[in-house]
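In what follows, a single structure is set out as structure tokens and then discussed.
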Amino acid sequence: LDPAAEPVHAITFTSTTFRPGEQP
Amino acid sequence: GYQSFAVGAPGATVPAPTGTAVRTVGPQEAAKLVRDGELAVPVQVDSVSQGNKGLHYVVSPPEDWGSGVFGSADIALFPVASPRDCRTEVLSPQSLPEPSGLESTPVPSTYSTSTGPVTEHWCLYASHDG
């Protein structure tokens, strides 16, 4: 295993807003 | 109201105007993982939502870690109370929390005029037996 050949991995954080009474 | 979502290293979050942000690991982290046999990557999430809109977010790890160093490692992603809880000195493969939901609702939809962010922390912990 060659660490230099490791691809870049993304951990994604996705936000949404919601109004009162809506399910988040 | 005003909304803001920012993600990054502890103390160095970067605003994500689109609402989607990424924290990446790559060759540098892979080298550390191979060298030390374990790796801990803390992530800070800052959320602001003024008015009566709540803010919810979902954390998505890569669907496929590939066939390299990370692909052959054991990987856990979990919430922590502080970045201090995301260090290899205090974590081990045997001490990881039970899997929990990869989502959070830092701001409820009750009316808020708060201008300061709600700060939360996550931890990516990987172990590799070489």
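Chain A is the first sequence line, chain B the second, and so forth, proteins listed ahead of strands; every chain is numbered from 1.
Of the atoms belonging to A:Ala4, it is backbone heavy atoms, and not side-chain ones, that fall under 4.5 Å from chain B. Proximity to chain B (any heavy atom under 4.5 Å) is shown, for A:Pro20, by both the backbone and the side chain. At a 4.5 Å heavy-atom cutoff, the contact between B:Ser72 and chain A is made by side-chain atoms alone. With a 4.5 Å cut-off on non-hydrogen atoms, B:Phe5 touches chain A through its side chain but not through its backbone. Interface residue B:Val58: backbone and side-chain heavy atoms are both found under 4.5 Å from chain A. Using a 4.5 Å cut-off between heavy atoms, B:Pro61 touches chain A through its backbone atoms (N, CA, C, O) alone.
Interface check for chain B: of the options A:Pro7, A:Pro24, A:Ser15, A:Gly21, the most heavy-atom pairs under 4.5 Å are formed by A:Ser15. The choice from B:Gly71, B:Ala21, B:Ser104 that makes the most heavy-atom pairs within less than 4.5 Å of chain A is B:Ala21. For the set B:Ala30, B:Gly54, B:Ser47, the entry with the most heavy-atom pairs within less than 4.5 Å of chain A is B:Gly54. Counting heavy-atom pairs under 4.5 Å between each of B:Leu55, B:Leu77, B:Thr110 and chain A puts B:Leu55 at the top. In terms of heavy-atom pairs under 4.5 angstrom with chain A, the leader among B:Val7, B:Leu102, B:Asn52, B:Leu124 is B:Asn52. Of all the listed residues (B:Thr105, B:Leu33, B:Val25, B:Val107), the one sharing the greatest number of non-hydrogen pairs under 4.5 Å with chain A is B:Val25.
Side-chain contact, B:His56 with B:Glu103: a donor N or O sits under 3.5 Å from an acceptor N or O. For the residue pair B:Thr119 and B:Asp46, a side-chain donor N or O sits within less than 3.5 Å of a side-chain acceptor on the partner. Judged by distance alone, the side chains of B:Gln3 and B:Ser49 do bring a donor and an acceptor atom under 3.5 Å apart.
Taking the six-membered ring where tryptophan is involved, the planes of B:Tyr57 and A:Phe13 are tilted, since the angle between them lies from 30° to 60°. Taking the six-membered ring where the residue is Trp, B:Trp65 and A:His9 present tilted rings, their angle falling between 30° and 60°.
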### Task
Could you give me the CA-CA distance, side-chain angles and deciding distance for B:Cys123 and B:Leu91, then say whether side chain to side chain contact (heavy atoms under 4.5 Å, CB included) is met?
CA-CA 10 Å; B:Cys123 185; B:Leu91 293 170; 3.8 Å; yes
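Heavy atoms from other residues, nucleotides or ligands lying under 6.0 Å from CZ of B:Arg35 number more than 12.
Between B:Ser109 atom OG and A:Gln23 atom CD the span is 10.0 Å, to the nearest 0.5 Å.
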